[in-house]
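Here the structure is laid out as structure tokens; the discussion comes afterwards.
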2 protein chains.
Amino acid sequence: MTKPDSNVSRVYAALRRMAADFELKPDERINESALSLQLGASRTPLREALNRLVAEGFLTFRSGRGFYCRSLSPALVMELYEARVAVESETARLAALKASDASLDALLAHVEAGAAEYAASGDAARLLEMDEAFHLEIAALSGNSELRRMVENLNDRVRFIRLMFMKRMIGSGTPQLARLAAHRTIAAAIASRDGEAAAQVMRGHIERRREDAAEAVRIAYSQLYVPDEETS
Amino acid sequence: MTKPDSNVSRVYAALRRMAADFELKPDERINESALSLQLGASRTPLREALNRLVAEGFLTFRSGRGFYCRSLSPALVMELYEARVAVESETARLAALKASDASLDALLAHVEAGAAEYAASGDAARLLEMDEAFHLEIAALSGNSELRRMVENLNDRVRFIRLMFMKRMIGSGTPQLARLAAHRTIAAAIASRDGEAAAQVMRGHIERRREDAAEAVRIAYSQLYVPDEETS
DNA sequence: GCATATCAATCTGTATACAGCTTGACGGAG
DNA sequence: CTCCGTCAAGCTGTATACAGATTGATATGC
């Protein structure tokens, strides 16, 4: 979305990643002078980037007191998952109704191509990346750039939670078969042009993950404040 | 959302209204120096506000060339309506499932309280205001502040189109009975706690309006570039 | 010992200055 | 007449300076 171009977009990209990964701890105040030094830019472009991130929900802003990292509560994450249900069940429906045959074949092919790795991989970050790619591909197939933007934003905002939760699941030896099966089911429903079924399956898939949100936040917190322990 | 406080939020509010009303014409380049003079603030807070509006989809930004007003095309408006379907059918569902009895009674009461005015009024702006209040109340009843934010944003971005279209409908003598009936049906479905029905009715309501989007954009264009003609 | 008032250090909010780029115009060549 | 190169005016991108607000600490009174 943002061009890899000049200073402000570089600062924006760096900040977005930092905010997504909670390198800035929840509710922590952001010191503009220190950050501008750290990022090698002056406060003017830094504040422009910060303002964009506020509008995108990654940061909050209190007048006269500066910028803060967003908070991280179970209730908030539940809301983000509910929003994902709303947006992604619709992208699945639209993809089923509007995508080209060729792009639907490609979707099925991508799922199968990654299936082996997905089922076997013990790398949480890699699994999450593949999972997000799947959801983003469906969003792209919906042909609606606005919905696609929403999916990207919501994915970015729950990434940290999901990553921590996936590490935990991998650590406990649970294989990712259920998730893989769900992806296959979703892709099949979309490919069969059944919009309503696609929407329902996608809804169920995300709602099932939402149930874990509360515990996932707890895990995320424990990881945030004990950063030295290796988790994978 | 933004405090009525200091300079930057005042500039932000003013710009948001200007962008929503297309006082800045579609794809028009924004001259920062001129705008800063007009708004009585320097370029620094102005650019901060502009960046937030970019993130919210009201403006676009091209590196090295400055800020532009968003474009206005039938395809884009269709996308916004599709997004509204996704988000608002879910707010209706959640409102039906999670809102308190008292707040649902209030929703029904508000619809009935405004029914007479809604059916008879010839003031397009007033009608639109009531319509948006209805949708926003449901979004609030969903208990999900993220979805509520999305509804607000989408409503603001299609407001101008809807206003022009409503003026045209009023001018042609079409009463707003269908819309009023739809609101009653939606409110009843939500109040009866039937989430699926509420979602379906809301979906149908917005999708029906979406059909008019292409013509609405055409009307909006004609009004944008012939601003002197009175339309109501 | 506790609460409160005062103050200094720090940080935010904004204006302004300047460098580099963009763009449109003008003039000349083909 | 058209196309292209050159140039100047204007605009954007960013650094920096400074004023006003905030915050935490220290000291004082009860």
Side-chain angles (χ1 to χ4, degrees), chain A residues 1-19 22-71 225, chain B residues 1-19 22-71 225:
Chain A
M1 183 185 296
T2 304
K3 290 181 182 175
D5 213 349
S6 66
N7 218 341
V8 60
S9 42
R10 184 178 54 78
V11 170
Y12 168 79
L15 276 177
R16 188 176 220 269
R17 192 194 52 74
M18 290 172 67
F22 279 105
E23 280 181 27
L24 313 162
K25 301 228 184 323
D27 298 313
E28 190 178 56
R29 183 179 185 164
I30 291 174
N31 187 324
E32 298 175 14
S33 309
L35 243 189
S36 70
L37 279 176
Q38 180 183 335
L39 296 177
S42 81
R43 280 179 55 221
T44 309
L46 171 65
R47 281 178 62 100
E48 293 192 7
L50 289 170
N51 272 287
R52 284 178 60 171
L53 290 166
V54 168
E56 289 172 11
F58 286 99
L59 304 174
T60 62
F61 173 73
R62 278 187 268 178
S63 187
R65 302 193 213 169
F67 297 87
Y68 292 75
C69 187
R70 69 203 156 128
S71 58
Y225 294 103
Chain B
M1 183 184 298
T2 305
K3 290 183 180 175
D5 215 349
S6 66
N7 218 341
V8 60
S9 42
R10 185 179 53 79
V11 170
Y12 168 79
L15 276 176
R16 189 175 219 266
R17 193 194 51 75
M18 290 172 68
F22 280 104
E23 281 180 28
L24 314 162
K25 302 228 184 321
D27 298 313
E28 190 178 58
R29 183 178 184 165
I30 292 174
N31 186 324
E32 297 175 13
S33 308
L35 244 190
S36 71
L37 279 176
Q38 180 184 336
L39 295 177
S42 82
R43 281 179 56 221
T44 308
L46 171 65
R47 282 178 61 102
E48 292 193 7
L50 289 170
N51 272 288
R52 285 178 57 170
L53 291 166
V54 167
E56 289 172 11
F58 286 99
L59 303 174
T60 61
F61 173 72
R62 277 187 269 178
S63 186
R65 303 193 210 168
F67 297 86
Y68 293 75
C69 187
R70 70 205 156 128
S71 58
Y225 295 103

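Keep in mind that what you see is a predicted model, and the values were worked out from it rather than measured. Lettering of chains follows the sequences in order, A, B, ..., and the numbering in each one begins at 1.
Residue pairs that meet the ring pair (Phe, Tyr, Trp, His ring centres under 6.0 Å) test with at least one member in residues 22-60 of chain A, sequence neighbours left out, are Phe22(A)-Phe160(A).
One atom, CG of Leu59(B), and another, P of dT12(D), lie 13 Å apart when rounded to the nearest Å. Between the CG atom of Asn51(A) and the P atom of dT14(C) there is a distance of 10 Å, rounded to whole Å. With rounding to whole Å, Glu32(A) atom CD is found 17 Å from dA21(D) atom P. For the pair Leu46(A) CG and dG13(D) C1', the computed distance is 14 Å after rounding to whole Å. Taking atom CG of residue Leu37(B) and atom P of nucleotide dG10(D), one finds them 14 Å apart after rounding to whole Å.
Between Glu48(B) and Asn51(A), the shortest heavy-atom contact is OE1-ND2, 3.1 Å. Across every non-hydrogen atom of Tyr68(B) and Ile30(B), the tightest pair is C-CD1, 4.2 Å.
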Name every donor-acceptor pair, under 3.5 Å, that has one atom in a side chain of residues 33-42 of chain B and the other anywhere in the protein, sequence neighbours excluded.
{"residue": "Ser36(B)", "atom": "OG", "partner": "Glu32(B)", "partner atom": "O", "Å": "3.4"}
{"residue": "Ser36(B)", "atom": "OG", "partner": "Ser33(B)", "partner atom": "O", "Å": "2.7"}
{"residue": "Ser42(B)", "atom": "OG", "partner": "Thr44(B)", "partner atom": "N", "Å": "3.4"}

Just the atom pairs and distances: protein N or O near nucleotides 16-24 of chain C's N or O, under 3.5 Å.
{"residue": "dT16(C)", "atom": "O4", "partner": "Thr44(B)", "partner atom": "OG1", "Å": "3.1"}
{"residue": "dT23(C)", "atom": "OP1", "partner": "Arg65(B)", "partner atom": "NE", "Å": "3.4"}

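Here dG13(D) is the nucleotide among dT14(C), dG13(D), dT14(D) with the atom lying nearest to any side-chain atom of Phe61(B).
When the side-chain nitrogen and oxygen atoms of Asn31(B) are compared with OP1 and OP2 of dG10(D), none of them lie within a distance under 4.0 Å. Residue Arg47(A) places at least one side-chain N or O under 4.0 Å from the OP1 or OP2 atom of dG13(C).
The CG atom of Leu53(B) lies 10.5 Å from the CE atom of Met18(B); values are rounded to the nearest 0.5 Å.
Ile30(B) comes within 4.0 angstrom of the backbone, heavy atoms only, and of no base. Heavy atoms of Leu50(A) sit nowhere under 4.0 angstrom from any nucleic acid atom.
No side-chain donor-acceptor contact under 3.5 Å links Arg65(B) to the backbone of Arg29(B).
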